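The block underneath contains the structure these notes are about, expressed in structure tokens.
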Amino acid sequence: MAGWTDPWRSATAGWLVAACSCALGIPLFVHMPLWCDITLYDVAARNILTGGTHYRDVFDTNPPGFVWLLCGVRASLGWSTLALRIVDLVIVATIAILLLRWSKAAGSDAASRAWAAAAMSAFYLFSTEFNHAQRDVWMLLPALLAIRLRLKRVAQVSSHSNGWLVLTGVLEGLLWGAAFWIKPHVAIPAIVVWLACARRFVGTSAKPLRRLLCDVASVLSGGLALGALGIAWLVCTGTWPHFVDVFVNWNASYLSMILGELGWRFWEEFRYFPPWSLGIVAAVLLAARSWFTARVNTLDEVQFHRVVLCAFFLGWVAMALVLQRAFHYVHVPETLLMFAVFAAHRVAVPFVLIAYLFILNVLLLNPLLLGWQRQLLSAVPASDCLVSRHPAFLVERTQCWPECFELKPSRELHRTVGLQVNDFGGIDPVELGAVEDYLRTQHVGDRELIAWHSTTHPLYLSLNVKPAIRFMHLSTVIEIGPWQYEQVKSELAEATPHARFAVSDMHRITSAHHRLNEVGADGLPLLLPEWQRGQFPFNQPVLFRSPTGRYLVHAIQQPAVAWDCKIPRNVDDVQPW
């Protein structure tokens, strides 16, 4: 047909989808509840801003870079969910712009960039709160800025003095150092990028080894300078011995646990974000072909940019797969990079994935249609990797869009727009708000509250009280090893004589949420196993229950012993470790 353009070749169509995703998604996104990981770091940031000592007062197994960033955000913009989500949105939007510009330099056309932008917005804005404002995503921004500078240095190395080479190398090192303080894992893709650029960086120099050594020395100098500033802060604030304790006595066991999970983590790679994650296979194959078949010295600028993009993507995938746990947010950056790789190769995979999601949600997952389509989908092998109800098509959630512009959004709005509110790591603003209201009447003070499960940590912030124990994600800490478990028990024993209340989350204990208000005379759900009733905090009297029975407030009346925080998939299968 004359004048017809295939939609995947239409930049206008791609940008229209991106605009629609942003218009619908952003107002809902900024009102979603924060994940429990973020509330942990918020508690840590408030501790630092009020004169506390990191690691000693609020435990963490990671470098303090992300907490430093949160200190800056909270000190300047306040403690609202909206403020942090807007900052996260700006960071991800900047990442998207940098990736689209990089893909342009790597050979993408207008249409492939538009569909990459559409995929990025449809993916991130409608992903669950588990993936938002996380360290891995924020770490990507300084890494991209460092690579942008490196590519500029490679392109201009022959036309500048050695002084310029050293100065820009130090600046690049500062950017890598900033990413490293957020998460040291970034060293892997950083090394891969350096290797991909090394031959090109040497060029026709008469002293190639000298130039490479100068480059390495200048970049390392920048990274070490920022490292020294961070260590100076740790020493001057009295944090250094506690920092060393974490990385010597805690993280060694944590690393062995990560490596022990590698076998099954490999298969999880394709299931994190259905169906987006299935594109990883094609992206890895494209990137590997581009990188390993290239002869760097014979490449033009476009081809070279593409090779470096592919190398960075492969390095990031390897780092996330081998050195990290099976958490969804870890794989958000590689998914964003994946769209840039497709754009650079002018491959229409982003359009295909978006079209697939549209057809799936409109035709096969439409609740107004008959049930035959669900039977058809259930017969598809590995359907959990292919079938996902996209949040844009969740009517109850989308109907909240006008309320997002109200000056004081309600707790009910925050709960409705959340996508993992009922998960054991998701926060229910209505249910937890009821607990907050109750505890306000009890005039809770510093060190008098133990928010036992991860999703109850926002109570420390909303009530403005210091925690009675330094451990936040108790299940993560206890799982590291038996020595770590004994540390938790010891600190809990010291805290309970002074603490007045403990708050538990029954979604952490059972998936039978509909039975949580079936309670006995002791106020505990009847489905709670006997072996847990004698353990803290369930051996303490129940004073208050949130409306659905999810959160319980316990009065601490006797010293208690910590217990293993296991997450059963079925309450009938619950057994102690």
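A quick note: this is a predicted structure, and the numbers were derived from the prediction, not measured.
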Item checked: salt bridge (charged side-chain N to carboxylate O under 4.0 Å, His left out) between Glu301 and Arg200, worked out -> CA-CA 10 Å; Glu301 283 299 311; Arg200 188 87 165 196; 3.1 Å; yes
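- With Thr398 contributing its side chain and Val395 its backbone, the two residues share no donor-acceptor pair below 3.5 Å.
- With a 4.5 Å cut-off on side-chain heavy atoms, Phe358 and His390 do not count as touching.
- His414 places a side-chain N or O within donor-acceptor distance of the main-chain N or O of His31, the cut-off being under 3.5 Å.
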Could you list the donor-acceptor pairs under 3.5 angstrom formed by side chains in residues 86-97, with sequence neighbours left out?
unit_1 : atom_1 : unit_2 : atom_2 : d
Asp88  : OD1    : Tyr124 : OH     : 3.3
Asp88  : OD1    : Ala133 : N      : 3.2
Asp88  : OD1    : Trp138 : NE1    : 2.8
Asp88  : OD2    : Tyr124 : OH     : 2.7
Asp88  : OD2    : Ala133 : N      : 3.2
Thr94  : OG1    : Val90  : O      : 2.7

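- In this structure a side-chain-to-backbone donor-acceptor pair under 3.5 Å is missing from Trp102 to Ala344.
- The two residues Pro27 and Val30 have their closest heavy-atom pair at O-CG2, 3.4 Å.
- Judged by distance alone, with hydrogens and angles left aside, the side-chain atoms of His132 form a donor-acceptor pair with the main-chain N or O of Ser127 at under 3.5 Å.
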Note to self: Using side chain to side chain contact (heavy atoms under 4.5 Å, CB included), reason through Ser21 and Phe123 one step at a time and then give a plain yes or no.
What the structure shows: CA-CA 9 Å; Ser21 293; Phe123 162 66; over 6 Å; no
Next item on the list: May I have the step-by-step check of side chain to side chain contact (heavy atoms under 4.5 Å, CB included) for Leu286 and Cys310, ending in yes or no?
Entry: CA-CA 8 Å; Leu286 277 175; Cys310 292; over 6 Å; no
Next item on the list: Test side chain to side chain donor-acceptor pair (under 3.5 Å) on Asp42 and Thr39 and set out the steps.
Entry: CA-CA 5 Å; Asp42 260 346; Thr39 59; over 6 Å; no
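- For Trp115 (side chain) and Val352 (main-chain N/O), no donor-acceptor pair under 3.5 Å exists by modelled atom type.
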Check: Hey, mind stepping through Val349 and Phe339 against side chain to side chain contact (heavy atoms under 4.5 Å, CB included) and telling me if it holds?
Finding: CA-CA 8 Å; Val349 173; Phe339 298 134; over 6 Å; no
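- Checked by atom type, the side-chain pair Arg113/Ser103 shows no donor-acceptor distance below 3.5 Å.
- His331 and Ser277 share no side-chain donor-acceptor pair at under 3.5 Å.
- Aromatic rings of Phe201 and Trp194 (six-membered ring for Trp) have centroids beyond the 6.0 Å cut-off, not under it.
- Within the 4.5 Å cutoff, the side chain of Met120 has heavy atoms near those of the Leu99 side chain.
- Figure legend: cation-pi geometry between Arg85 and Phe29, with NZ or CZ positioned under 6.0 Å from the six-membered ring centre and within 45° of its axis.
- Applying the 6.0 Å contact sphere to CZ of Phe247 captures more than 12 heavy atoms from other residues, nucleotides or ligands.
- A cation-pi arrangement is absent between Arg74 and Tyr41 under the rule of less than 6.0 angstrom and at most 45 degrees off the ring axis.
- When Val332, Asp423, Asp37 are each tested for a side chain to side chain contact (heavy atoms under 4.5 Å, CB included) with Phe130, only one passes: Asp37.
- No donor-acceptor distance shorter than 3.5 angstrom exists from the side chain of Trp68 to the backbone of Trp181, with no hydrogens or angles considered.
- Between Leu321 and Glu269, the shortest heavy-atom contact is CD1-OE1, 3.7 Å.
- Scanning both residues, Pro391 and Leu419, for their nearest heavy atoms gives CG-CD1, 3.7 Å.
- Within a 6.0 Å radius of CD in Glu396, other residues, nucleotides and ligands contribute 12 heavy atoms or fewer.
- The two residues Met472 and Leu40 have their closest heavy-atom pair at CB-CD1, 3.4 Å.
- The side-chain heavy atoms of Trp291 and Leu309, taken from C-beta on, include no pair separated by under 4.5 Å.
- Residues His473 and Ser454 share a closest heavy-atom pair of ND1-OG, 3.4 Å.
- Residues Phe126 and Gly25 share a closest heavy-atom pair of CZ-CA, 3.5 Å.
- Panel note: side chain Gln420, backbone Glu129; no donor-acceptor pair is recorded below 3.5 Å.
- The closest side-chain donor-acceptor pair between Arg153 and Thr168 falls under 3.5 angstrom.
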Notebook entry, point to check: Given the rule in the side chain to side chain contact (heavy atoms under 4.5 Å, CB included) test, do Tyr272 and Thr335 qualify, once you have shown the distances and angles that lead to the verdict?
Noted result: CA-CA 10 Å; Tyr272 291 115; Thr335 307; over 6 Å; no
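- Using modelled atom types, one finds a donor on one side chain and an acceptor on the other under 3.5 Å when comparing Ser112 with Asp109.
- Heavy atoms of other residues, nucleotides or ligands lying less than 6.0 angstrom from CZ of Arg9 number 12 at most.
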